[in-house]
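What follows is a single structure, written as structure tokens, with notes after it.
Residue numbers run from 1 in the order of the sequence given.
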Amino acid sequence: DVLVHLQEISYSRVNHPDEVFTIGERHSLKIISIDNEKLQISCSIKALTPDPFENISNYEVGKAYKAKVIKVVDYGAFCELQAGLTCLLHSSEISWGRKNVSPSKFFKVNDEIDCVITDVDKEKKRIAISYKLAKENPYENFEKKYPVGTILKGKISNIKDFSIYVNVLEFEIDGFLHANDLSYSSKPDDEIKKYSKGDEIEVKVLEVKSKDQKIKFGVKQLQEDPFNIFKD
């Protein structure tokens with residue numbers, strides 16, 4: 001008997017040998033090592049064909065390509081740019097606005113998707129792709145429509161110790177509202193208790209960082225700063 005390790009079966013991702021083999025089948029193998037002391041012979045099937053990673057020069061980081069979904073897992077999806085050239089789409093690169101997404105709600109095996117290559121590690125033969133980068137950045141569109149200083153309404157999607165997250169339904173993204181920006185006079189921890197998840201709230205845009213996917217809102221800025229009386 002000789003051993004074909006799981007990683008030597010195919011350049012494509014294989015989770016279990018029974019996905020590829022049935023007992024009794026005959027296969028061509030390439031001997032890759034012989035250990036005379038342990039009386040072990042290691043063989044490979046994928047070594048009989050060219051390594052698809054040699055074609056990585058045909059692809060560029062930052063450019064968009066089509067990819068085929070071959071496996072969906074909890075933390076993302078494995079896709080192929082071409083047969084055997086596998087890449088990872090991490091769950092954090094699926095949606096612009098939604099965090100902790102479930103990849104299975106977005107993709108299924110054999111889906112053809114648009115993606116952008118974000119990283120290529122030639123040493124480890126790893127490719128990372130993004131699904132959201134192949135779509136318009138809603139933060140850039142938000143900034144065009146609601147520049148700093150704009151007043152708008154949103155719905156509170158979450159409240160934490162000293163922060164409120166306000167959802168802008170039009171773009172399906174959240175903005176950040178710190179408790180310190182709720183009132184000029186009240187204590188932040190008292191003021192934040194006045195709000196509940198689901199409340200509609202009027203806010204002012206204080207800062208937009210589209211590349212960092214960050215929007216900062218304020219409520220007290222809707223009024224004149226009482227300390228302005230000391231300006232002169």
Above 12 or not: heavy atoms from other molecules or residues under 6.0 Å from [atom1] of [X]?
X: I32; atom1: CD1; result: yes
X: E112; atom1: CD; result: yes
X: E202; atom1: CD; result: yes
X: E136; atom1: CD; result: no
X: L169; atom1: CG; result: no
X: N100; atom1: CG; result: no
X: D189; atom1: CG; result: yes
X: D161; atom1: CG; result: no

Is a side-chain donor or acceptor of [X] paired with a backbone partner of [Y] at a separation under 3.5 angstrom?
X: W96; Y: E172; answer: no
X: D111; Y: I113; answer: no
X: S44; Y: K30; answer: no
X: S210; Y: Y139; answer: no
X: E25; Y: T22; answer: yes
X: K68; Y: A83; answer: no
X: Y59; Y: V120; answer: no
X: Y65; Y: E60; answer: yes

Closest approach of [X] and [Y], non-hydrogen atoms and distance?
X: E93; Y: S130; result: OE1-OG, 2.6 Å
X: V219; Y: Y195; result: CG1-OH, 4.1 Å
X: V109; Y: V72; result: N-CG2, 4.5 Å
X: I192; Y: K160; result: CD1-O, 3.6 Å
X: L85; Y: P52; result: CD1-O, 3.7 Å
X: S28; Y: L48; result: O-CD1, 3.2 Å

Hydrophobic clusters here meaning ILVMFWY residues chained together by side-chain heavy-atom distances under 4.5 Å, can you tell me if [X] and [Y] are in one?
X: I215; Y: Y165; value: no
X: F53; Y: V61; value: yes
X: V168; Y: I159; value: yes
X: F107; Y: L133; value: no
X: I173; Y: L152; value: yes

- Is D114 salt-bridged to K66, going by a charged N under 4.0 Å from an acidic O?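 The answer is yes: the pair qualifies as a salt bridge.
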- Message: Between the side chains of E191 and K220, is the shortest nitrogen-to-carboxylate-oxygen separation below 4.0 Å, so that they form an ion pair?
- Response: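 Salt bridge absent between K220 and E191.
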[atom1]-[atom2] distance between [X] and [Y], expressed to the nearest 0.5 angstrom:
X: I94; Y: C115; atom1: CD1; atom2: SG; value: 12.0 Å
X: L177; Y: K204; atom1: CG; atom2: NZ; value: 14.0 Å
X: L81; Y: N55; atom1: CG; atom2: CG; value: 10.5 Å
X: S42; Y: I34; atom1: OG; atom2: CD1; value: 9.5 Å
X: N167; Y: D174; atom1: CG; atom2: CG; value: 4.5 Å
X: I56; Y: I127; atom1: CD1; atom2: CD1; value: 3.5 Å

- Item | Audit row: F106, Y131, ring pair (Phe, Tyr, Trp, His ring centres under 6.0 Å) steps and yes/no | CA-CA 10 Å; F106 284 82; Y131 177 71; 7.0 Å; no
- Task: Output, in order, the C-alpha distance, side-chain angles, deciding distance and verdict of side-chain contact (heavy atoms from CB on, under 4.5 Å) for K194 and L182.
- Result: CA-CA 10 Å; K194 297 178 182 179; L182 290 172; over 6 Å; no
- Is the H178 ring parallel, tilted or perpendicular to the F162 ring (thresholds 30°, 60°)?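 Because their plane-to-plane angle is under 30°, the rings of H178 and F162 count as parallel.
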- Task: Measure up the F78 and Y75 rings against each other and bin them: parallel (under 30°), tilted (30 to 60°), perpendicular (over 60°).
- Result: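 F78 vs Y75 ring planes: perpendicular.
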- Message: One pair to check against side-chain contact (heavy atoms from CB on, under 4.5 Å): K108 and V69. What are the steps and the verdict?
- Response: CA-CA 7 Å; K108 59 183 184 295; V69 178; over 6 Å; no
- Would F176 and F217 count as a ring pair (Phe, Tyr, Trp, His ring centres under 6.0 Å) if you check the C-alpha gap in whole Å, the side-chain angles of each, and the deciding distance to 0.1 Å? CA-CA 6 Å; F176 173 79; F217 291 133; 9.6 Å; no
- Item | Stepwise side-chain contact (heavy atoms from CB on, under 4.5 Å) test for I45 and L29 | CA-CA 5 Å; I45 291 176; L29 309 173; 3.5 Å; yes
- Item | Name of the residue among K46, K125, K122 meeting salt bridge (charged side-chain N to carboxylate O under 4.0 Å, His left out) with D51 |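 The salt bridge (charged side-chain N to carboxylate O under 4.0 Å, His left out) with D51 is passed solely by K125 among K46, K125, K122.
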- Item | Any side-chain heavy-atom pair of I9 and E19 under 4.5 Å |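 A side-chain contact under 4.5 Å is absent here.
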- Message: For a 4.5 angstrom cut-off between non-hydrogen side-chain atoms, does I129 reach C79?
- Response: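 Heavy-atom side-chain distance check passes, below 4.5 Å.
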